[in-house]
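Structure first, then comments.
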Amino acid sequence: LSTSKNAIATFAVAGVYGIELLVKGRDASGGNTSVATVLAVTDGSNVDYSVYGSAYLVGATGALAVSINGSNVELLVTPSSSNSTQWITQYRFI
């Protein structure tokens with residue numbers, strides 16, 4: 001396992017203007033658990049986002065980001081460690 005940036009959720013950008021995501025990460029070995037909310041806005045070509053409402057037990061599990069990749073919006077994470085980390089997302093389109 002690595003600490004490279006990975007897409008943990010991908011959505012077609014067509015018809016999407018905003019996404020609210022609730023993200024949970026749990027590091028299986030280190031016990032780190034975190035939750036955060038990500039709010040993203042897009043015009044189909046560009047995206048801006050904010051990560052807020054973060055809470056941690058033990059420590060952070062990773063850094064979150066949002067980007068456009070072709071015709072998709074991606075939720076990206078750079079894990080804090082190379083331990084196995086489980087990611088769960090809930091989302092709604094706005």
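Between D27 and S80 the shortest side-chain heavy-atom distance does not fall below 4.5 Å. Side-chain contact check for S67 versus L76: some heavy-atom pair is nearer than 4.5 Å.
By the neighbour-count criterion of 12 heavy atoms within 6.0 Å, atom CD of Q90 is sparsely surrounded, having that number or fewer from other residues, nucleotides or ligands.
One distance of note links CG of N6 with OG1 of T78; it measures 7.5 Å at 0.5 Å rounding. The structure places CD of Q86 at 11.0 Å from OG1 of T61, a figure rounded to the nearest 0.5 Å.
A distance-only check finds no donor-acceptor pair linking the side chain of N32 to the backbone of V58 [under 3.5 Å].
Under the ring-ring contact (aromatic ring centres under 6.0 Å, His included) criterion, no residue pair touches residues 22-45, with sequence neighbours excluded. For residues 16-43, no residue pair satisfies the ring-ring contact (aromatic ring centres under 6.0 Å, His included) rule, not counting sequence neighbours.
Hydrophobic cluster of I88: no remaining members, since no ILVMFWY side chain lies below 4.5 Å from it. Through chains of ILVMFWY side-chain contacts below 4.5 Å, V73 is grouped with I8, F11, V13, V16, I19, L21, V23, V38, V47, Y49, V51, L64, V66, I68, L75, V77, W87, Y91, F93. Chaining together hydrophobic side chains whose heavy atoms lie under 4.5 Å apart places Y52 alongside L39, I94.
Residues S4 and P79 approach most closely at O-CD, 3.3 Å, considering heavy atoms.
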Apply side-chain hydrogen bond (donor to acceptor under 3.5 Å, both in side chains) to N46 and D43, showing your working. CA-CA 6 Å; N46 303 291; D43 63 4; 3.2 Å; yes
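Not counting sequence neighbours, the partners of T33 by the side chain to side chain donor-acceptor pair (under 3.5 Å) test are R26.
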